[in-house]
2 protein chains.
Amino acid sequence: MDILSKVEPRDLKLNANEWVYNSLCQLILSGEFVPGISFTFRGIANSFGVSTMPVREAANRLISEGALDMSEKRRITVSQMTQSKFDELKVARLNLEPHLAGLALNHINSKRLNLLINIDKNLDYAISTGNVVDYIKYNYQFHFGIYEAGLSPVLLPLVRTLWLRFSPFYRIVAGRAGTQTMKDFHKSAIDAIKDKDSVALINAIHSDILEGMEMLNESLNE
Amino acid sequence: MDILSKVEPRDLKLNANEWVYNSLCQLILSGEFVPGISFTFRGIANSFGVSTMPVREAANRLISEGALDMSEKRRITVSQMTQSKFDELKVARLNLEPHLAGLALNHINSKRLNLLINIDKNLDYAISTGNVVDYIKYNYQFHFGIYEAGLSPVLLPLVRTLWLRFSPFYRIVAGRAGTQTMKDFHKSAIDAIKDKDSVALINAIHSDILEGMEMLNESLNE
DNA sequence: CTATCATATTTGTGATCACAAATTAATAAT
DNA sequence: ATTATTAATTTGTGATCACAAATATGATAG
């Protein structure tokens, strides 16, 4: 698998293991990895042109975060989704992300607001053209564009691990309804940010998660 | 520091890195580690009688979970608590743990119930004798004795990382009010389990977290 | 005794090697 | 052609080594 072409080049200020970790995260969060595909340490190491050491550190971290599995011994796979996992991810998201957005609201300046508006435009375009990978990418960017404003040292990394777990599963949707039926509550979120209306933002994020997870749930049950 | 004496002997069925990881978790969750103390990979490796390899994997995992820090370069420390971290931990706990308890309720059989009653007895004794380390240990055992019944694949590991982050901070309480002022809602939780009353259990856990975190918060502000 | 600088030691990182266990390929037998 | 058995390869794990960067130590000068 050609990985290097889909990954940011290495910033030499970063350690090799951080580069590999960030790259794998990016590949997972942008929907490049589909549940079930498997790797080996040596395989990833060759793809990145590093030794197995930094790969072990990066992959083990992702395994401990639940994004990857070391199942069926001696193989690293992208975790499969189960109904039980999905239900818990949904609960966790609904209980954490709206609150996280509320914490971030006061730290969203006009520059960041414009960024969000721009991301949402790209998102709409991805939906209209049926580009699922772009949809996944921009949806992530929109949510974390809000969340990251708050610099929450605990909740932000926590929520990121939730996204690492369900993002690969998004790809399953591609083979089904496509992007036509996708609705989002990003417009209400943007309005709420403009109004500095915390309650409205929390509601918008809550509804957005509910809608998005419902769509995923339908793909799970078939 | 003499670590091996406070740690379970190695089960040879487990990998070295898992043994080290589990041991470090146990030391953190039982309050043996106090915020700020620092280690090196080689130091831990010598304590455990293994090479640095498994220590790197275990410690890096704990770092990514937020329990340890690799701050002030070249030294591994037990993370310091800040008000901001604390507030987020409190929110996360309140939003996840009561629900987790609710999910577990139906899986608590009479054997586990008796276990919980027994743990709570030990907890009461620890409080009456002012033994903070035992208090921390049994409080953990009580909560996770409930949570683990549900086998929740996402929420359970998530909540465990929250406990890894605030447990060392419990020790600060030792130098302050002691255990005399400690209240807990474990009796109400046990009653709720006996009655199979989900709402009552959720309320009991919620109150217990609120009470416990409030006590910790007082120690933070002085 | 204090401050400054050079030296020695210790640190995390990454590469490499050895090894047993697991997987895959190849061979033999029916 | 299919299955059973054996050989070859590949895998993750853990130990060891090299190295640059950071820390600790000691000598020297004021």
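Quick caveat, the model's predicted, so the values are computed rather than measured. First the proteins, then the strands, lettered A, B, ... as listed; each starts at 1.
- Note on A:T40: a side-chain N or O is less than 4.0 Å away from OP1 or OP2 of D:dT11.
- Residue A:M70 contributes atom CE, which lies 17 Å from atom P of C:dA21 at whole-angstrom precision.
- Spacing between atom CG of A:L14 and atom P of D:dA21 amounts to 16 Å, rounded to whole angstrom units.
- Separating the CG atom of B:D69 from the P atom of C:dG12 is a distance of 14 Å, rounded to the nearest angstrom.
- The shortest distance between the side-chain N/O atoms of A:N15 and the OP1/OP2 oxygens of C:dG12 is not below 4.0 Å.
- Among C:dT13, C:dA22, C:dT11, the nucleotide with an atom closest to any side-chain atom of A:R74 is C:dA22.
- In this structure, A:R61 pairs ionically with A:E65, as a charged nitrogen and a carboxylate oxygen lie closer than 4.0 Å.
- When only modelled atom types and interatomic distance are considered, A:E57 and A:Y21 share no side-chain donor-acceptor pair under 3.5 Å.
- When the C1' atom of C:dT11 is taken as reference, atom CD1 of B:I63 falls 13 Å away, rounded to whole Å.
- Out of D:dA15, D:dT13, C:dA15, the shortest distance to the side chain of A:P54 is found at C:dA15.
- Judged by distance alone, with hydrogens and angles left aside, B:R42 brings a side-chain donor or acceptor within reach of the base of C:dG12, the pair sitting under 3.5 Å.
- Atom CZ of B:R160 sits about 14.0 Å away from atom OH of B:Y147, to the nearest 0.5 Å.
- The interatomic distance linking A:I76 (CD1) with D:dG12 (P) rounds to 5 Å, in whole Å.
- Residue order along DNA chain D, read from the 5' end via each residue's closest nucleotide, puts B:V50 first among B:R75 and B:V50.
- Counting atom types as modelled, B:R56 pairs a side-chain N or O with a base atom of C:dG14 as donor and acceptor under 3.5 Å.
- One side chain, B:Q83 or B:D87, offers a donor N or O that lies under 3.5 Å from an acceptor on the other.
- Between the CD atom of A:E57 and the C1' atom of C:dA15 there is a distance of 12 Å, given to the nearest Å.
- Between B:F41 and A:T52, the residue whose closest nucleotide on DNA chain C is further toward the 5' end is B:F41.
- One distance of note links CG of B:L68 with CZ of B:F33; it measures 8.0 Å at 0.5 Å rounding.
- Per the geometry, CH2 belonging to A:W19 stands 17 Å off P belonging to C:dT13, to the nearest Å.
- D:dG14 atom P lies 13 Å from atom CZ of B:F48, rounded to whole Å.
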